[in-house]
Amino acid sequence: MNKKGRVFSGARPTGRQHLGNYLGAVQNYVKLQDEYECIYCIVDVHALTTMETTKDLKSNSLEMALDWLAAGVRPEDTIIFIQSHVPEVMELHTMLSMVTPLGKLTDLPTFKEKVREQPNNVNYGLVGYPVLMAADILLYKANFVPVGVDQAPHIEFTREVARSFNFRYGKNVLVEPQMKVTEVPKVLGIDGQQKMGKSLNNHIEIASSPEETQARVMQMVTDPARIKRSDPGNPDVCNVFSMHKIFSSREDVEMVNVECRRAGIGCVDCKKLYAKNLNEHLAPLRERRTKLADDPQAIWDILDHGAQQARTIARQTMQEVRDAIGLP
Ligand code: TRP
């Protein structure tokens, strides 16, 4: 089939994916495969910029790959690999650093945020984070990069670096990518307040058991004004209702919408219904995941094969890059 161009995306190896990852990225990764040639990368080197320990790096990479594959990322069509398995990216990172004004990196909002978050670990890698990300994208000459809006400055930076490189060395070697903003609902954690995230422990993992899922759902914060069962609730401010809208049938959504407002259904039953629908939605994925997890070596083989495919592209680009620079 004729594809519409090449997509590249990367994600830090955060381990088992939660509903925020699933709705925000993974589902989109799966969909994009139909129309684009896709390359998905587990960016373990980027992870080092913020990590205190590397002890979970391997298992987190494997768990994330398992979730992606179980969700429908197809290694027959798509290149899926681990960033450090293609070391050419480090080389391109160095070459790009020569056309990157330092001030541009220290001005980025993402950098400033990290400085606030980890004032005692403002390492060199953190400053170069966007350069390495640009290297990821440019090494594979990606046309499109699906990311959340928070990554927009990094994509703009990538475009600028590509232009600077091509201009400086007088060759059109690097391809300016376009950002593909992933339009997703903001997924809140079970606290109903903050974005779902592992560090806040307010998340629901897609790979958890139906029982664990139900237990987590039962902890979800609902409309805070609804105290007694007999109080009418307001679905418009309820996080459980937001999730019903994603995972439940039209009939269930309509029923909850009506019955909550007139206290016909309580929060407990509403959550049970959501947990049931969520578990039903995730059942096929979980079944595939259990099978895949039976043979971890097969997953490492998929990642190795992906790295080989990625490396073929990477080597070609690096040859062009070296020639353009005029390295002896
Ligand atoms: N910076 C991205 C994030 O934090 C991860 C990332 C690294 C990435 N390299 C990339 C995303 C290349 C898209 C393309 O989410």
Side-chain angles (χ1 to χ4, degrees), residues 5-15 17-18 20-29 32 36-51 57 60-61 64-65 67-68 73 78-93 96-97 100 105 108-115 117-118 123 125-162 174-182 184 186-187 195-199 306-307 310 313-314 317:
R6 185 177 286 169
V7 158
F8 182 98
S9 193
R12 278 177 279 180
T14 49
Q17 303 284 279
H18 55 64
N21 306 131
Y22 177 67
L23 296 168
V26 184
Q27 271 196 328
N28 194 38
Y29 283 5
L32 287 167
Y36 299 89
E37 181 193 337
C38 296
I39 307 182
Y40 299 136
C41 180
I42 298 175
V43 294
D44 56 344
V45 182
H46 275 110
L48 298 177
T49 60
T50 57
M51 266 185 355
L57 199 49
N60 278 344
S61 301
M64 189 156 95
D67 279 336
W68 288 4
V73 170
T78 292
I79 300 179
I80 160 174
F81 75 107
I82 292 181
Q83 187 182 32
S84 67
H85 292 183
V86 183
E88 281 78 2
V89 76
M90 281 29 119
E91 192 183 352
L92 184 56
H93 162 268
L96 296 179
S97 76
T100 301
L105 296 176
L108 282 171
T110 41
F111 175 70
K112 291 184 181 155
E113 196 184 307
K114 287 294 172 215
V115 172
E117 277 171 22
Q118 49 185 65
N123 58 72
L126 210 50
V127 185
Y129 186 108
V131 188
L132 184 59
M133 175 162 166
D136 280 329
I137 298 165
L138 300 174
L139 187 57
Y140 303 102
K141 300 192 178 183
N143 307 107
F144 303 100
V145 186
V147 276
V149 274
D150 62 308
Q151 294 294 312
H154 287 163
I155 306 302
E156 194 44 46
F157 171 80
T158 302
R159 295 167 56 85
E160 286 168 12
V161 174
L174 301 179
V175 175
E176 270 184 64
Q178 277 171 45
M179 173 158 173
K180 234 178 152 28
V181 186
T182 332
V184 280
K186 190 169 169 195
V187 183
K195 205 173 129 186
M196 187 175 283
K198 201 173 175 174
S199 57
I313 305 171
T317 305

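Both counts, for ligands and for their atoms, begin at 1 and track the order of listing.
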- Query: Can you find an N/O atom of Asp136 closer than 3.5 Å to an N/O atom of ligand 1?
  - Reply: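 Yes - when backbone and side-chain N and O of Asp136 are compared with those of ligand 1, one distance drops under 3.5 Å.
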- Task: Before signing off on this row, confirm whether Arg12 and ligand 1 have an N or O atom pair separated by under 3.5 Å.
- Result: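 Yes, Arg12 has an N/O under 3.5 Å of an N/O on ligand 1.
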Which of the numbered atoms in ligand 1 are below 4.0 angstrom from a heavy atom of [X]?
X      : value
Val147 : 11 (C), 13 (C)
Tyr129 : 1 (N), 2 (C), 3 (C), 4 (O), 5 (C)
His46  : 7 (C), 9 (N)
Val43  : 7 (C), 9 (N)
Val145 : 13 (C), 14 (C)
Phe8   : 12 (C), 14 (C)

- Message: Counting non-hydrogen protein atoms only, what is the nearest one to atom 2 (C) of ligand 1? Give residue, atom name and distance.
- Response: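 Looking at atom 2 (C) of ligand 1, the protein heavy atom closest to it is Gln151 OE1, 3.4 Å.
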- Query: So which protein heavy atom does atom 5 (C) of ligand 1 come closest to, and at what separation?
  - Reply: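 Protein heavy atom at minimum distance: Gly10 O, 3.5 Å.
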- Query: Using the benzene-type ring in the case of Trp, are the ring centres of Tyr140 and Phe81 under 6.0 Å apart?
  - Reply: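 Yes, close enough.
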- When you look at Ile155 and Ile137, which way does the side-chain contact (heavy atoms from CB on, under 4.5 Å) test go after all the steps? CA-CA 9 Å; Ile155 306 302; Ile137 298 165; 4.0 Å; yes
Check: [X] side chain, [Y] main-chain N or O, donor-acceptor pair, under 3.5 Å:
X      : Y      : answer
Lys198 : Thr14  : yes
Arg159 : Pro177 : yes
Gln118 : Thr49  : yes

- Task: Determine, step by step, whether Tyr129 and Thr110 satisfy the side chain to side chain donor-acceptor pair (under 3.5 Å) criterion, reporting the C-alpha distance in whole Å, the side-chain angles of both residues, the deciding distance to 0.1 Å, and the verdict.
- Result: CA-CA 10 Å; Tyr129 186 108; Thr110 41; over 6 Å; no
- Item | Shortest non-hydrogen contact between Trp68 and Ala11, atoms and distance |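 Heavy-atom minimum between the residues: CZ2-CB, 3.8 Å.
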- Message: Run Leu108 and His154 through side-chain contact (heavy atoms from CB on, under 4.5 Å) and show every step you take.
- Response: CA-CA 8 Å; Leu108 282 171; His154 287 163; 4.2 Å; yes
- Which is it for Asp150 and ligand 1 at heavy atoms under 4.0 Å: side chain, backbone, both or neither?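 For Asp150, no heavy atom sits under 4.0 Å from ligand 1.
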